[in-house]
Amino acid sequence: MHYWLMKSEPEVFGIDHLAASPKRTAAWDGVRNYQVRNMIRDQMQKGDVALFYHSSCAEPGIVGSMRILGPGYPDSTAFQPRHHHFDPKSDPKKPSWYMVDVQLEKRFPRTISLPELKRHAALKSMLILRRGNRLSITPVTPAEWKTILTLAAS
DNA sequence: GCCAACGTTGGC
DNA sequence: GCCAACGTTGGC
C-alpha cells in the first residue's frame with residue numbers, strides 16, 4: 001500500500017468536481033509527465049490512498065483524501081484528437097500515458113494551507129514543499145499522512 | 001502578470 | 001550526446 005499526494009487546479013478539476021461525480025469516483029487523466037506516468041503505471045494499486053491538493057488558486061493546500069480504486073491503465077484521452085489532452089505520439093498499442101480511478105474518501109472540514117504545511121517540522125521533507133517541485137503526483141510517507149489527517153481533524 | 005524552476009524539443 | 005530555446009507549472 002502506498003500513500004500519495006495528487007495536485008489539481010480547482011478551476012479545472014477540484015474536490016467539488018470529484019464530490020459531484022457518480023459514486024464520487026473519477027478517472028485521474030491528463031498526466032503528461034514521465035515521472036508521474038511511471039508512478040501511476042508501475043506503483044499505484046487498489047488500496048492506495050491519496051491526498052487531494054488544490055494548486056494554482058487563491059488558497060493552495062490539501063482539501064481532502066481519496067482512495068485509489070485500481071492499478072493504472074492507458075489514458076484514453078491521449079487517443080482522442082479533439083481532446084485537449086490528445087497526444088498524437090501515444091499509440092493505443094503501446095500507450096504513452098496512464099490514468100487511474102480515484103474515489104473521494106473525505107472532504108476535510110478545512111483546507112490545510114500551504115503556509116500551514118510549511119510551518120510543521122514533521123512535514124518539512126514533503127516533496128510538495130521542495131523548491132521547484134512540479135510533479136503532479138508525489139509519494140507521501142505514512143508519518144506525513146498521519147500528521148496531515150491529525151491536522152485535518154483539529 | 002511576474003518569474004524561478006524544471007521538463008522537453010530539436011539542431012548540430 | 002550536448003545544450004540553447006522554448007513551454008509549463010505554480011506560488012506570489
Side-chain angles (χ1 to χ4, degrees), chain A residues 2-21 26-44 48-66 68 71-141 143-145 147-152 154:
Chain A
H2 301 106
Y3 299 84
W4 306 99
L5 179 146
M6 302 170 75
K7 287 196 281 202
S8 187
E9 299 182 26
E11 289 183 17
V12 179
F13 187 84
I15 197 164
D16 290 339
H17 296 97
L18 185 55
S21 300
W28 199 274
D29 61 18
V31 167
R32 296 294 180 267
N33 170 285
Y34 290 106
Q35 288 182 65
V36 178
R37 186 278 310 270
N38 292 347
M39 288 188 268
I40 293 175
R41 188 190 58 187
D42 305 335
Q43 294 186 50
M44 281 194 166
D48 287 5
V49 288
L51 300 164
F52 197 132
Y53 180 93
H54 280 172
S55 65
S56 293
C57 57
E59 194 186 22
I62 296 169
V63 292
S65 62
M66 301 180 279
I68 304 299
Y73 58 98
D75 184 341
S76 54
T77 67
F79 310 135
Q80 299 164 21
R82 277 190 302 275
H83 201 283
H84 60 290
H85 289 140
F86 176 57
D87 180 359
K89 289 183 305 230
S90 185
D91 178 351
K93 286 184 231 110
K94 196 171 181 296
S96 298
W97 305 115
Y98 281 69
M99 58 187 181
V100 71
D101 288 340
V102 298
Q103 180 175 45
L104 181 64
E105 181 177 44
K106 233 180 299 183
R107 184 205 298 263
F108 293 161
R110 64 190 188 85
T111 298
I112 306 172
S113 70
L114 184 56
E116 181 173 0
L117 294 173
K118 288 177 178 167
R119 277 203 303 274
H120 288 277
L123 301 177
K124 73 174 195 312
S125 298
M126 282 190 79
L127 295 174
I128 188 84
L129 302 180
R130 279 246 280 265
R131 205 164 63 115
N133 168 58
R134 293 168 52 192
L135 299 180
S136 60
I137 300 179
T138 46
V140 167
T141 69
E144 289 162 352
W145 179 272
T147 300
I148 285 161
L149 286 205
T150 303
L151 288 176
S154 68

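Throughout, protein chains are lettered first and strands after them, A, B, ... in sequence-line order, and every chain is numbered starting at 1. As the structure is a computational prediction, the values presented were derived from the model and not from experiment.
If you check C:dG11, B:dA4, B:dT8 against the side chain of A:Tyr34, the one that comes closest is B:dT8. Proximity note for A:Ser55 (side chain, C-beta onward) versus B:dG7, C:dG11, B:dA5: the nearest is C:dG11.
Salt-bridge check for A:Arg32 with A:Asp75: passed, with a basic side-chain N closer than 4.0 Å to an acidic carboxylate O.
The separation between A:His54 atom NE2 and C:dT9 atom P is 17 Å, rounded to whole Å. Here the C1' atom of nucleotide C:dG7 and the CG atom of A:Asp87 are 15 Å apart, to the nearest Å. Across the protein-nucleic acid pair, A:Leu127 atom CG and C:dG11 atom P stand 15 Å apart, rounded to whole Å. The nearest whole Å value for the distance from the CG atom in A:Asn33 to the P atom in B:dA5 is 18 Å. Rounded to whole Å, atom C1' of C:dG11 lies 17 Å from atom CZ of A:Arg130. Straight-line distance from the CG atom of A:Asn133 to the P atom of C:dT9: 13 Å, rounded to whole Å. Spacing between atom CZ of A:Arg37 and atom P of B:dT8 amounts to 10 Å, rounded to whole angstrom units. Nucleotide C:dG11 holds its C1' atom 13 Å from the CG atom of A:Leu117, rounded to whole Å.
Between A:His2 and A:Trp4, the ring planes lie tilted relative to each other; the angle falls in the 30° to 60° range.
Under 4.0 angstrom from either OP1 or OP2 of C:dT9 there lies no side-chain N or O belonging to A:Tyr53. Between A:Lys7 and C:dG10 there is a side-chain N or O to OP1 or OP2 distance below 4.0 Å. Checking the phosphate oxygens (OP1, OP2) of B:dT8, no side-chain nitrogen or oxygen of A:Lys89 falls inside 4.0 Å.
Atom-to-atom distance recorded for A:Trp28:CH2 and A:Met66:CE is 4.5 Å, nearest 0.5 angstrom.
The side chain to side chain contact (heavy atoms under 4.5 Å, CB included) test with A:Thr138 singles out one residue from A:Leu127, A:Val36, A:Leu51, and that residue is A:Leu127.
Using a 4.0 Å heavy-atom distance criterion, A:Gln35 is classed as a sugar-phosphate-only contact.
Open room surrounds CZ on A:Arg130; 12 or fewer heavy atoms of other groups in view lie less than 6.0 Å from it.
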